[in-house]
Amino acid sequence: MDTLTVETHARRLLGAMLTHGDVTVRITEVEAYGGTDDPASHAFRGPTPRSAIMFGPPEVLYVYLSYGMHYCANVVVGREGDASAVLLRAGEVVREVDVARSRRGQVPDVRLARGPANLTQALGLALAHNGSSLTGPEVVLRRPDVLAEAISAGPRVGVSQAADVPWRFWLTGDPTVSAYRRSPRAAAPEPLG
DNA sequence: CTACCGATATTCT
DNA sequence: GAATATCGGTAGA
């Protein structure tokens, strides 16, 4: 059975290759969302039509509509019922870059999959992929056997609840990682003691 | 580079 | 009615 924490699952997604159709993205930045115990999680108040997939089996996509406009993709992790998930925040397009460019428009290549909605758009994922298996045939996730790069950790982007929990992870120094933006409604940062 | 702003579906008060 | 796991445009340092 799965006894790994959601943070460990998040770290293990760094360097992973996510393929949809022809496009492959190497994941460089993620955020952990810890199910019903995490006030920043969509699962915190129990299942809703939007978050129902989080409460099911792991190793599927959780795709949701953000701010009424953008799609964001997560990997459901942990045991069935945990409702834990890892938001895919940024990556490097490593295959069929021209297809990703056609979806994203006129931006530098390092920005093709920078930001969760941009990564999802570069891969061509949408609400139809909510609940899709990560073992194919349409969507495939391959985790690395070993990770060469160092991992950094810090607070999650844009969340106003549990704003100081360091559950954002990224490959140290990677040029595709997004900039940190704290929620304007978050409480004042907790000073280092 | 940073800061602000508006678009707008789902969810909660 | 208000908040939200965002983004691209515009303005300014």
Side-chain angles (χ1 to χ4, degrees), chain A residues 5-7 9-11 13-14 16 18 25 27-55 58 60-78 82-91 93 100-132 152-170 173-189:
Chain A
T5 65
V6 65
E7 303 104 290
H9 278 292
R11 288 171 174 272
L13 280 167
L14 292 174
L18 182 60
V25 166
I27 304 300
T28 59
E29 179 190 357
V30 297
E31 280 174 0
Y33 285 88
T36 52
D37 293 329
D38 177 4
S41 171
H42 288 170
F44 181 59
R45 298 167 196 279
T48 65
R50 178 176 69 170
S51 67
I53 284 291
M54 296 178 78
F55 289 80
V60 300
L61 286 178
Y62 164 49
V63 182
Y64 72 95
L65 182 60
S66 178
Y67 289 86
M69 281 158 282
H70 311 292
Y71 301 121
C72 296
N74 301 243
V75 173
V76 178
V77 299
D82 284 358
S84 297
V86 178
L87 174 69
L88 306 177
R89 282 206 55 92
V93 181
R101 283 195 197 108
S102 71
R103 291 175 175 147
R104 288 278 294 116
Q106 191 85 25
V107 299
D109 283 359
V110 293
R111 291 194 195 174
L112 284 175
R114 175 187 290 178
N118 291 336
L119 182 152
T120 304
Q121 184 178 30
L123 278 169
L125 297 172
L127 278 191
H129 302 94
N130 189 38
S132 285
S152 299
R156 294 173 290 187
V157 174
V159 308
S160 59
Q161 302 297 310
D164 297 318
V165 176
W167 275 5
R168 173 181 180 236
F169 304 98
W170 66 94
D174 193 284
T176 65
V177 171
S178 66
Y180 173 63
R181 299 203 196 307
R182 190 180 179 87
S183 167
R185 297 178 192 280

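Numbers restart at 1 for each chain; the letters A, B, ... are given by sequence-line order, proteins then strands. Here the structure is a predicted model, which means the values were calculated and not measured.
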> So, is A/Arg185 close to the C/dA3 phosphate, meaning a side-chain N or O under 4.0 Å from OP1 or OP2?
Replying inline: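 Yes, because at least one side-chain N or O of A/Arg185 sits under 4.0 Å from OP1 or OP2 of C/dA3.
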> When you check the phosphate oxygens OP1 and OP2 of B/dT10, does a side-chain N or O of A/Thr48 lie under 4.0 Å from one of them?
Replying inline: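 So the side-chain polar atoms of A/Thr48 never come under 4.0 Å of the phosphate oxygens OP1 or OP2 of B/dT10.
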> On DNA chain C, nearest-nucleotide positions of A/Gln121 versus A/Ala73: which is more 5'?
Replying inline: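 Nearest-nucleotide comparison on DNA chain C picks A/Ala73.
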Please give, in whole Å, the distance from [N] [atom2] to [X] [atom1]?
X	N	atom1	atom2	answer
A/Glu29	C/dT6	CD	C1'	13 Å
A/Leu61	C/dA5	CG	C1'	16 Å
A/Phe44	C/dA3	CZ	C1'	15 Å
A/Arg114	C/dG8	CZ	P	11 Å
A/Tyr64	B/dA9	OH	P	16 Å
A/Arg111	B/dC1	CZ	P	7 Å
A/Glu31	C/dT4	CD	C1'	14 Å
A/Leu127	B/dT10	CG	C1'	11 Å

> Roughly how far, to the nearest 0.5 Å, is the CZ atom of A/Arg50 from the NE2 atom of A/His42?
Replying inline: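 The distance works out to 4.0 Å.
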> Out of curiosity, A/Ser132 OG to A/Leu125 CG, how far, rounded to the nearest 0.5 Å?
Replying inline: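 If we round to the nearest 0.5 Å, A/Ser132:OG and A/Leu125:CG are 7.5 Å apart.
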Should [X] and [Y] count as side-chain neighbours, where that means a heavy-atom distance under 4.5 Å?
X	Y	value
A/His9	A/Pro58	no
A/Leu112	A/Asn118	no
A/Asn74	A/Tyr64	yes
A/Thr120	A/Leu88	no

Which part of the nucleic acid, if any, lies within reach of [X] when heavy atoms closer than 4.0 Å are counted: base, sugar-phosphate only, or nothing?
X	answer
A/Ala117	sugar-phosphate
A/Arg104	sugar-phosphate
A/Arg156	nothing
A/Asn74	base
A/Leu87	base

Checking contacts here: which listed nucleotide ([options]) is nearest the side-chain heavy atoms of [X]?
X	options	result
A/Asn118	B/dA7, C/dG8, C/dA5	C/dG8
A/Arg89	C/dT4, B/dT11, C/dT6	C/dT6
A/Ser41	C/dA5, B/dT13, C/dC7	C/dA5
A/Pro116	C/dT6, B/dT10, C/dT4	C/dT6
A/Met69	C/dA5, B/dA7, B/dT10	B/dA7
A/His70	C/dA5, C/dC7, B/dC12	C/dC7

> Which whole number of Å gives the distance between the P atom of B/dC5 and that of C/dA13?
Replying inline: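 So the two P atoms sit 16 Å from each other.
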> For atom P, what is the distance between B/dT13 and C/dA5, given to the nearest Å?
Replying inline: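 One P to the other, the span is 14 Å.
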>> Check A/Arg182 with A/Asp164, please: is the shortest side-chain N to carboxylate O separation under 4.0 Å?
In response: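 Yes, this pair counts.
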Please output the side-chain donor-acceptor pairs of residues 155-163 of chain A that fall under 3.5 Å, not counting sequence neighbours, one pair per line with the distance.
unit_1   : atom_1 : unit_2  : atom_2 : d
A/Arg156 : NH1    : A/Ala32 : O      : 2.9
A/Arg156 : NH1    : A/Asp38 : OD2    : 2.7
A/Arg156 : NH2    : A/Asp38 : OD1    : 3.3

>> Check this for me: A/Arg111, atom CZ, are more than 12 non-hydrogen atoms of other residues, nucleotides or ligands nearer than 6.0 Å?
In response: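 No, the 6.0 Å shell around CZ holds no more than 12 heavy atoms from other groups.
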>> Testing the basics here: between A/Val76 and A/Leu61, what is the closest heavy-atom pair and its distance to 0.1 Å?
In response: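 So the minimum-distance heavy-atom pair works out to CG2-C, 4.5 Å.
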>> Quick check: any donor-acceptor pair below 3.5 Å linking the side-chain of A/Tyr67 to the base of C/dA5?
In response: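 For A/Tyr67, whose side chain was compared with the base of C/dA5, there is no donor-acceptor pair (under 3.5 Å).
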> Without hydrogens or angle criteria, can the side chains of A/His129 and A/Tyr71 be said to hold a donor-acceptor pair below 3.5 Å?
Replying inline: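 No, no side-chain donor-acceptor pair sits under 3.5 Å.
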> In what stems does DNA chain B take part, counting only runs of at least 3 consecutive Watson-Crick or G-U pairs whose two distances fall under 3.5 Å?
Replying inline: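 If one scans DNA chain B for consecutive Watson-Crick or G-U pairs, the stems found are B:1-7 with C:6-12, B:9-12 with C:1-4.
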>> At a heavy-atom distance below 4.0 Å, what parts of residues 174-184 of chain A sit against DNA chain B?
In response: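 Those residues whose heavy atoms fall under 4.0 Å from DNA chain B, taken from residues 174-184 of chain A, amount to none.
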